[in-house]
Amino acid sequence: MAKVLCVLYDDPVDGFPTSYARDDLPSIEHYPSGQSLPTPQGVDFTPGHLLGSVSGELGLRRFLESRGHTLVVTSDKDGENSEFDRELPDADVVISQPFWPAYLTAERIARAGKLKLAITAGIGSDHVDLDAAIEHDVTVAEVTYCNSISVAEHVVMMILSLVRDYLPAHQTVLDGGWNIADCVARSYDLEGMHVGTVAAGRIGLAVLRRLQPFDVRLHYTDRHRLPQAVERQLGLTWHASAADMVPACDVVTVNAPLHPETEGLFDDKLIATMKRGAYLINTARARICDRDAIVRALRDGQLAGYAGDVWFPQPAEPGHPWRTMPHHGMTPHISGSSLSAQARYAAGTREILESWLAGTPVRPEYLIVHDGKLAGTGAHSYSTAKDHKE
Ligand code: NDP
């Protein structure tokens, strides 16, 4: 029987919801690539309900306990003697979400003698030390595509909100004010701007597709080039690297995984090559940007705005400089955890558990590390520290 240790974010401050703003979720047949949505044998939750917080338990308790397994759910993941650390040594499976990541460091993996499977209920397994997972033969899986469109929608929202300077204008309303000049002194149209994405995978391409009707000029850089038909359809300009692309862009959105190739990519040097007054949107991972370089660039006007929902570490400390830097549109890490996304990643987590517990293969598109190496989606999109040195 397996012990499953699940780290989820805290319940709402006012308690777990007893009612919701809407009664249902739209039905989606398949993801844009044709990939099927999660196909567990069943689910024990109501789609549209809060599943990602502690009391939501990703809807897993009945499923696991009825089969004799143990489920431990906690939000206590950091610091000396956290519940996560106490429960880890005899856990077979760890489940965590990027929004509230249980950092599975090399040191923790070494102490987790029974650990066989680390599931990311979401996308982005950089909170797991993949080299250590490879070394200790821990399978790492994530629910590929579950929240890609959720994030793409958030990116488009953030681009528009920065370029049009929406948030300060909304604040003016909340404050009882009406100074139009204050509200428009930094407000532009997106139309005609050059918008580029670092990476055109599931999220990056979805952002490009959503932006095309805004009559912008679209750019991208990615290690693999998109099919010519897609480039033509969207009018895309491809660049060999981020360094080639960013000087041409008014708006840059980052949609690449965090791995040794992308860590610290947006540093003082790269930002200095961007157009003065460019906007940078990063919903991928915080450490793709140099924290203090972003603050400097906003203060001196090199960047006109920065937005995203990813921080390091998470949760961000109250004094994190991104909370108070000028012209930012940050949110906590929420873009991939809408109620719509939660229904998909809870179902995907259950699908992965069903396969693993039955000893049948996990879908290759969900695999990041398996059999002591990068596998499936991981082999395509991730690199290890070892790859980087070679
Ligand atoms: P995909 O794997 O579909 O796309 C990632 C793309 O990044 C791939 O096309 C890959 O290229 C490309 N890439 C990798 N390294 C580089 C590089 N050095 N330069 C340029 N391109 C590169 O992932 P998703 O689109 O689904 O997600 C992207 C990232 O977004 C995730 O890894 C995660 O970090 C983040 N994310 C954030 C969420 C949030 O809530 N804020 C939720 C979900 C994801 P190649 O074709 O060569 O593999």
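Given the structure is predicted, the values throughout are model-derived calculations rather than measurements. All ligand and atom numbering here is 1-based and tracks the order in the structure.
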Taking 4.0 angstrom as the limit and counting only heavy atoms of [X], give me the atoms of ligand 1 inside it, by number and element.
X	value
T283	37 (C), 38 (C), 39 (C), 41 (N)
H333	39 (C), 40 (O), 41 (N)
V151	38 (C), 39 (C), 40 (O), 42 (C), 43 (C)
S335	39 (C), 40 (O), 41 (N)

What's the shortest distance from [atom] to any protein heavy atom, and which residue and atom give it?
atom	result
atom 46 (O) of ligand 1	H224 ND1, 2.6 Å
atom 27 (O) of ligand 1	I203 CD1, 3.4 Å
atom 11 (O) of ligand 1	D222 OD1, 2.8 Å
atom 19 (N) of ligand 1	R223 CG, 4.2 Å
atom 2 (O) of ligand 1	S381 OG, 2.9 Å
atom 18 (N) of ligand 1	E261 OE1, 2.9 Å
atom 28 (C) of ligand 1	N255 O, 3.4 Å
atom 4 (O) of ligand 1	G201 CA, 3.3 Å

Any nitrogen or oxygen of [X], side chain or backbone, less than 3.5 Å from one on ligand 1?
X	value
R202	yes
T221	no
G124	no
N147	no
G204	no
T262	no

Salt bridge between [X] and [Y], side-chain N to carboxylate O under 4.0 Å?
X	Y	result
D90	K3	yes
R164	D189	yes
E231	R225	yes

Inset, instruction - Report yes if some heavy atom in the side chain of Y345 is under 4.5 Å from a heavy atom in the side chain of Q97; otherwise report no. - result: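 When only atoms from C-beta onward are counted, Q97 and Y345 do touch, with a gap below 4.5 Å.
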Legend entry - Note, Y220 side chain near T253 side chain (heavy atom, < 4.5 Å):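 When only atoms from C-beta onward are counted, T253 and Y220 do not touch, as no gap falls below 4.5 Å.
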Inset, instruction - Please lay out, stage by stage, how D44 and R350 fare under the test salt bridge (Lys or Arg N to Asp or Glu O under 4.0 Å). - result: CA-CA 10 Å; D44 299 315; R350 167 130 173 205; 3.1 Å; yes
Inset, instruction - Would you check if the distance from the ring center of Y20 to the ring center of H49 is below 6.0 Å? - result: yes
Inset, instruction - Step through it carefully: locate the ring centre of W322, locate the ring centre of H328, and say whether they are under 6.0 Å apart. - result: no
Inset, instruction - Please determine, by modelled atom types, if D129 and T105 share a side-chain donor-acceptor pair under 3.5 angstrom. - result: no
Inset, instruction - Could you label the plane-to-plane angle of the H224 and H380 rings as parallel, tilted or perpendicular, counting under 30° as parallel and over 60° as perpendicular? - result: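 Correct class here is parallel.
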Inset, instruction - Describe, in one word, how the ring planes of F99 and H333 are oriented to each other, choosing from parallel (under 30°), tilted (30 to 60°) and perpendicular (over 60°). - result: perpendicular
Exceeds 12 heavy-atom contacts within 6.0 angstrom, atom [atom1] of [X]:
X	atom1	answer
R217	CZ	no
E317	CD	yes
F214	CZ	no

Inset, instruction - Could you pull out, from P257, A199, S148, the option with a heavy atom nearest to atom 14 (C) of ligand 1? - result: P257
Inset, instruction - Measure the distances from the heavy atoms of H154 to every atom of ligand 1 and state whether one is below 4.0 angstrom. - result: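 No; H154 lies far enough from ligand 1 that no heavy-atom distance drops under 4.0 Å.
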Legend entry - Non-hydrogen atom of F99 closer than 4.0 Å to ligand 1: yes
Inset, instruction - Heavy-atom distances under 4.0 Å are what count here, so tell me which part of R285 touches ligand 1: side chain, backbone, both or neither. - result: side chain
Inset, instruction - Under 4.0 Å, heavy atoms only, figure out whether ligand 1 is touched by the backbone of T377, its side chain, both or neither. - result: neither
